[in-house]
Amino acid sequence: MDQPITIIGAGIVGICCALSLQERGQRVRLIDRGAPGQEASFGNAGVISPWSIVPQAVPGIWRDIPGMLLNPSGPLTVQPRFWAKMIPWGLRFLSHASERATRSTADAMEILCNPSVMLFRRHLEGTGHENLVADSYYVHAFRDASKARLSDLGYAIRREKGADMDLLGPQALQQLEPALSPAFKAAIIIKGQARARSPGRIAQVLAEKVAKQGGEVLRTEITAITRAETGGWLLQRVGEDIPARQVILSAGVWSAELLKPLGLSVPLLSERGYHVEFPKAELSLQNSVMDVDAKIVASAMEGGIRVAGSSEFAAIDAPPNHRKKTLLARQAKAMLPDLDASDMRFWLGRRPSFPDSLPALGKIEQAPGLFAAFGHSHYGLMMAPKTGELVADIVTDVVPNLDLAPFDPQRF
């Protein structure tokens, strides 16, 4: 019997690839060193946003970066030993910070983000856990009301593409989210969103669905990918190698290291994100709320109120930066003054980030039978379901009626 299509990496992207392949009648094998969906997919802010289509590189960001780096409470840090890798990546990042490039990237991001809520609900149908995705607004809260401008480029792009947004003053914002600090004087609310009540549980439930539909979910660490003498691939691990006819590489930030022995290099960096979670919060949030100044997002989860944010560039295996714990705890209290911070939990994850905010999707031409599905940066949760659809089409030789050149793994 033909070998199953093998997916390396059981984060939410890999899981969605498996589900979409099964919908097309394919046998799948999902491999991860840990439990499905419990790395970067576990700890995000839970925003499922069809309108998170504005990349990180936008016009004028070069003016903001020095202040972010020099401010001890800022949202961006680079560990000293990482600057040698950071500088060339950062220059590529800044090359995408024109209005033309921002709009072009937003067009590509829209392809992946726009159907996210619908596709998640379709995947969860019949699992008994459909309530893990809840309707929500995305509230961008501002302390300085003059900065809440729907005319700004990011909001203008969303509006041009059909987003339903409103500008709220302080009283309307307090009515919408009473737990927020009165220091917030305005908000832009983006409608037509959803939020994950538990991103990790969504991944767990969907991985179980893969298994119930006949997929193999294997817990082992793949240390290398090599070409098999008879064609296809051998996936090396401790113990017997695993043969595979077709392989989808969806191992997040670890994907770059697996490609290097094949002579393939990609500018993928580990952009670490942190969250703190408060199981005894004793307050409610009805929507996902971003503190625009601090660049953090608060959302109600099954495990309490989660506050997620921060970008830290560092080696994959660098130890956690515990100053982030103190900073996020302080920012959470500033955002939600009545928050009960006892029994706070602290988490670190590693985002796989390319300088253009877009993932690598599709055939790796130099390696027939090997496909890319990694590099989703800050947007992995919302991009995952459509990524699964597109990659499943490509692997099964269905040509999507879309321009996928922006996601080409060879674009660098």
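Keep in mind that this is a model prediction, so the values were computed, not measured.
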Handout entry: Atom CZ of R323: over 12 foreign heavy atoms under 6.0 Å
Key = no

Practice task
Establish, yes or no, whether a centroid distance under 6.0 Å links the rings of Y274 and F346.
Solution key: yes

Practice task
Could you tell me whether F374 and H376 have their ring centroids closer than 6.0 angstrom?
Solution key: no

Practice task
Decide, yes or no, whether a salt bridge links E277 with R345 under the criterion of side-chain N to carboxylate O below 4.0 Å.
Solution key: yes

Handout entry: Test: R159 and D164 ion pair at under 4.0 Å
Key = no

Handout entry: Side-chain donor-acceptor pair present, K209, T127, cut-off under 3.5 Å
Key = no

Practice task
Apply the test side-chain contact (heavy atoms from CB on, under 4.5 Å) to residues F407 and T387: give CA-CA distance (whole Å), side-chain angles for both, the deciding distance (0.1 Å), then the verdict.
Solution key: CA-CA 10 Å; F407 312 116; T387 291; over 6 Å; no

Exercise for the section: Check whether the side chains of Y137 and E177 place a donor and an acceptor atom closer than 3.5 Å, and report yes or no. Expected result: no

Handout entry: Test: R411 cationic atom under 6.0 Å from F354 six-membered ring centre, within 45° of axis
Key = yes

Fill in the blank from the handout: Output for pair (L119 CG, K386 NZ), nearest 0.5 Å, gives 7.0 Å

Handout entry: Salt-bridge contact D408-K363 (side-chain N to carboxylate O under 4.0 Å)
Key = no

Handout entry: N-O pairing of D293 and R143 below 4.0 Å
Key = yes

Practice task
Would you mind checking if E125 and R122 are paired as a salt bridge, meaning a charged N to carboxylate O distance below 4.0 Å?
Solution key: no

Problem - Interatomic distance, N114 atom CG to S52 atom OG [nearest 0.5 angstrom] - result: 11.5 Å

Problem - F313-W89 aromatic ring centre distance below 6.0 Å - result: yes

Practice task
May I ask you to establish whether R306 and W347 are in a cation-pi arrangement, using a distance under 6.0 Å from NZ or CZ to the six-membered ring centre and at most 45° from the ring axis?
Solution key: no

Practice task
Verify side-chain contact (heavy atoms from CB on, under 4.5 Å) between I296 and M290, making sure each step is shown before the conclusion.
Solution key: CA-CA 6 Å; I296 57 173; M290 176 191 289; over 6 Å; no

Exercise for the section: Give a yes or no on whether the backbone of S20 and the side-chain of R24 come within a donor-acceptor separation of less than 3.5 Å. Expected result: yes

Problem - Test: R27 and E216 ion pair at under 4.0 Å - result: no

Problem - Donor-acceptor under 3.5 Å (T77 side chain, E312 main chain) - result: no

Practice task
Mark yes when over 12 heavy atoms from residues, nucleotides or ligands other than K147 sit less than 6.0 Å from its NZ; otherwise mark no.
Solution key: no

Handout entry: Pair E271 + R350, salt bridge at N-O below 4.0 Å
Key = no

Problem - Nearest-0.5 Å distance, NZ of residue K295 to NE2 of residue H378 - result: 11.5 Å

Exercise for the section: Answer yes when K191 and D166 have at least one side-chain N-carboxylate O distance shorter than 4.0 Å, and no when they do not. Expected result: yes

Practice task
Locate the shortest heavy-atom distance separating V307 from F278; write the atom from each residue and the value.
Solution key: CG2-CE1, 4.1 Å

Problem - Worked check of side-chain contact (heavy atoms from CB on, under 4.5 Å) between H140 and Y155 - result: CA-CA 11 Å; H140 292 189; Y155 298 115; 2.7 Å; yes

Practice task
Count the heavy atoms of every other residue, nucleotide or ligand shown that sit under 6.0 Å from CD of E160, and state whether that count exceeds 12.
Solution key: yes

Fill in the blank from the handout: Value for CG (L206) from OG (S41), rounded to nearest 0.5 Å, stands at 10.5 Å

Exercise for the section: Measure the spacing between CE of M335 and CG of L285 and express it to the nearest 0.5 Å. Expected result: 7.0 Å

Practice task
Go through R195 and V47 one step at a time and tell me if the side-chain contact (heavy atoms from CB on, under 4.5 Å) criterion holds.
Solution key: CA-CA 5 Å; R195 60 184 176 86; V47 178; over 6 Å; no

Fill in the blank from the handout: dist I190:CD1 -> N287:CG (nearest 0.5 Å) comes out at 11.5 Å

